[in-house]
Trainee: 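I'd like to ask some things about the structure below.
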Amino acid sequence: MLEHKSIRKYIDKTPTDEVIQTIVRAGQQAPFASQYYSVLLSRNRKRNPFKAPLLFTVCVDSYKFERIMAKRNWKIVTNDLTLLFFGIQDAALMAENMVTAGRSLGLGSCFLGSAMFRAAKIAEEYKLPKRVFPLVQLAMGYPAEDPSSRPRYPLEFALFEDRYPELDDEKVARAMTQMDEGYLAQDYYKKMNAKIPLEDEKRKETFTYDDYSWTEHICRKWGQWYPEPKELLEQLEKCGFNITEKQKK
Ligand SMILES: Cc1cc2nc3c(=O)[nH]c(=O)nc-3n(C[C@H](O)[C@H](O)[C@H](O)COP(=O)(O)O)c2cc1C
C-alpha cells in the first residue's frame, strides 16, 4: 500500500473472470454500514478511459436495499442526504479494497472522478434503476507503465495527536514544498499537460510547467470550480435522489 500509484497505461491483456471476481469479492469484504453500493463492469477496451481492459463504475445503490425493505414490508424514511453520506463511505471503501486487491494480483488502476457529473448519462447507458447513483469509476488492467509513487503531505500535516495543533506558516509551507517539489521532480503536470487555465482576468498567468505543481493545481480547482452544487444536485435528482430545499441551503 505504501507503493500505491495510479496507472493510466495498460498492456493488451484481459484479466480472467477469476481475477475479476476475486477483486470484486475483496471489494465486498470491506467494512460496510449497509452495503449501499453496486458495481457495474465494462470490458469494452475500445471505449474505456485509458483504453483500460476493465472499467468499474462504483455506484451508491439505495434501490437494492429498498427492494429488501419492501419484502419486509418497510419503507425507507431516512433522508437522502444521510443515506448518501453512508453510501459514499460504503462505496469508497469497497472501491479502494478493489484497488489494493487488484495490485496484489499484479493489476494497476486509476479512479475517474467525473462520473458523478455524468451520472444521468451513465445511468442510461447501464440501464440503472432510479435510486442508483454512479459515484466514481475505476479503470483497471495490467500496467504498461511504472511511475514513481506520488508525494503525500508530511505526516506532521496529516496526523494530529490528542488535539488539532497550531498550524504555523512554516508547517504549511513545508507541506506545500513537499507536495510541489515531489510532483515537479516527476514532471507530473507537464506530462499530463494538465494545467488548469485561470478564469479571472485579474489573475495573470505566471506559471510554466517548470513551477506549476500540485498546490497551484488544487487551488485552481477549488478556487474556480463548482461555486454552486447545481450540477451535482441535478445529476442526483435525475438518478432519483431527493435533496430538500432546506438541506440544499
Ligand atoms: C475520487 C478520485 C477521482 C480521481 N479522478 C481522476 C481523473 O479523473 N483522472 C485521473 O487521471 N486521475 C484521477 N484520480 C487519480 C488521482 O489523480 C491520483 O490518485 C492522485 O494524483 C495521487 O496519485 P497516486 O494515486 O498515483 O498516488 C482520481 C482519484 C480519486 C480518489
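Start at 1 and go down the list; that is how both ligands and their atoms are numbered.
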Trainee: Restricting to non-hydrogen atoms, name the atom on Ser34 and the atom on Asp90 that form the minimum distance, rounded to 0.1 Å.
Mentor: N-OD2, 2.8 Å

Trainee: Does Asp61 reach the main-chain N or O of Ser38 with its side chain, forming a donor-acceptor pair under 3.5 Å?
Mentor: no

Trainee: Check this for me: Arg118, atom CZ, are more than 12 non-hydrogen atoms of other residues, nucleotides or ligands nearer than 6.0 Å?
Mentor: yes

Trainee: Side chain of Gln235, backbone of Ala120: donor and acceptor closer than 3.5 Å?
Mentor: yes

Trainee: Which protein residues have a heavy atom under 4.0 Å from ligand 1?
Mentor: His4, Lys5, Ser6, Arg8, Phe50, Cys110, Phe111, Leu112, Gly113, Arg150, Arg152, Tyr183, Tyr188

Trainee: Any donor-acceptor pair under 3.5 Å linking the side-chain atoms of Arg25 with those of Gln21?
Mentor: no

Trainee: Walk me through it: do Asp12 and Lys51 pass the test salt bridge (Lys or Arg N to Asp or Glu O under 4.0 Å)?
Mentor: CA-CA 9 Å; Asp12 191 9; Lys51 306 256 179 294; over 6 Å; no

